[in-house]
Amino acid sequence: MNLNEKFVITINRELGSGGRTVGRKLAEKLEVPFYDKALIKALQEKYHLSVEEIEKLKGRKQGWWADFKRQMTGSVMYTNYYIPREGDEPEMLDTDEVFKAEQEILKGIAESESCIVAGRSGFYVFRKHPNRLSILIQASMPFRVNRVATKQNMTPEEAAKVIDKVDKMRENYVKKYTQTSRYDTHNYDFVISADGKTEDEIVTLILKYIGK
């Protein structure tokens, strides 16, 4: 990966591995924007960014994302990662239209600037990008349960149920839209276990890997 040209780093992560925080810290170190599923979804909902609307924006100007970003800077706040609640269905509610719009938004971002993307489909969306690095961050179940329980003020039993539900939802989503598994290491350039490591240590590992 060439850091002197526009690049994309995608981070796929298991809930409770700390991958989202790693992505944000890495973005700060590299001084590039960080995008995740929650932010992209918030943009879609706030600005009604359907595939049709995105096509209109693209038709007006090739670098449509740069102009769009200037207009909405500071208007969308970061959102906590998704935690399912009692009664939620074990499937993602995203439609084909939403997935296509998300892909177009991400591609528009990458055309405009270097960035780090944390999310289920980043490795797939940018699989043909000429200057990208795909990372998977995993962790053992005890590590994940302890982290989620601590951060969400849950019992270990509650945390384990949440993790199981999110794992199934994310895997169903990836299989539905990419015809592959999020656990298939062939989809990634760099796979990291979070066990025994702090988020900062993982960031340092990644920086060393890319020669920074």
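Values below: every heavy atom of this structure, side chains too, minus hydrogens, waters and symmetry copies. If you read the sequence from its start, that first residue is 1, and numbering goes on from there.
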Check this for me: does any side-chain nitrogen of one of Lys6 and Glu113 sit under 4.0 Å from a carboxylate oxygen of the other? no
Is any side-chain heavy atom of Ile137 closer than 4.5 Å to a side-chain heavy atom of Ile135? yes
Give me the atom names and distance for the closest heavy-atom approach of Asn187 to Ser134. O-CB, 3.7 Å
Are the side chain of Thr150 and the backbone of Asn146 linked by a donor-acceptor contact shorter than 3.5 Å? yes
Does Lys168 offer a backbone N or O that forms a donor-acceptor pair with the side chain of Asn172 under 3.5 Å? yes
Test item: Ser17 side-chain N/O and Gln138 main-chain N/O as donor-acceptor pair under 3.5 Å: no
Over all heavy atoms of both residues, which pair between Val174 and Arg182 is shortest? Give the atoms and the distance, please. CG1-N, 3.7 Å
Heavy-atom neighbours of Gln179 CD exceed 12 at 6.0 Å: yes
Under 3.5 Å donor-acceptor, Arg20 side chain and Ala118 backbone: no
Are a donor atom and an acceptor atom from the side chains of Gln103 and Ser121 found within less than 3.5 Å of each other? no
Partner residues of Asn4 under the side chain to side chain contact (heavy atoms under 4.5 Å, CB included) criterion, sequence neighbours left out: Asn2
Taking the six-membered ring of Tyr124 as reference, does the cationic atom of Arg127 (NZ for Lys, CZ for Arg) lie under 6.0 Å from its centre and within 45° of its axis? yes
Hey, are the side chains of Tyr209 and Met1 touching, using non-hydrogen atoms and a 4.5 Å cut-off? no
Plane angle bin for Phe123 and Tyr188 - parallel if under 30°, tilted between 30 and 60°, otherwise perpendicular: tilted
With no hydrogens and no angle check, is any side-chain donor or acceptor of Asn12 less than 3.5 Å from a backbone partner on Leu136? no
Residue among Asp189, Ile9, Val125, Thr10 satisfying side-chain contact (heavy atoms from CB on, under 4.5 Å) with Arg132: Asp189
Show every donor-acceptor pair shorter than 3.5 Å between a side-chain atom in residues 198-207 and any protein atom, with sequence neighbours excluded, or say none if there are none.
{"unit_1": "Thr198", "atom_1": "OG1", "unit_2": "Glu201", "atom_2": "N", "d": "3.1"}
{"unit_1": "Glu199", "atom_1": "OE2", "unit_2": "Arg147", "atom_2": "NH1", "d": "2.8"}
{"unit_1": "Glu199", "atom_1": "OE2", "unit_2": "Arg147", "atom_2": "NH2", "d": "2.7"}
{"unit_1": "Asp200", "atom_1": "OD1", "unit_2": "Lys25", "atom_2": "NZ", "d": "3.2"}
{"unit_1": "Glu201", "atom_1": "OE1", "unit_2": "Thr198", "atom_2": "N", "d": "2.9"}
{"unit_1": "Thr204", "atom_1": "OG1", "unit_2": "Asp200", "atom_2": "O", "d": "3.0"}

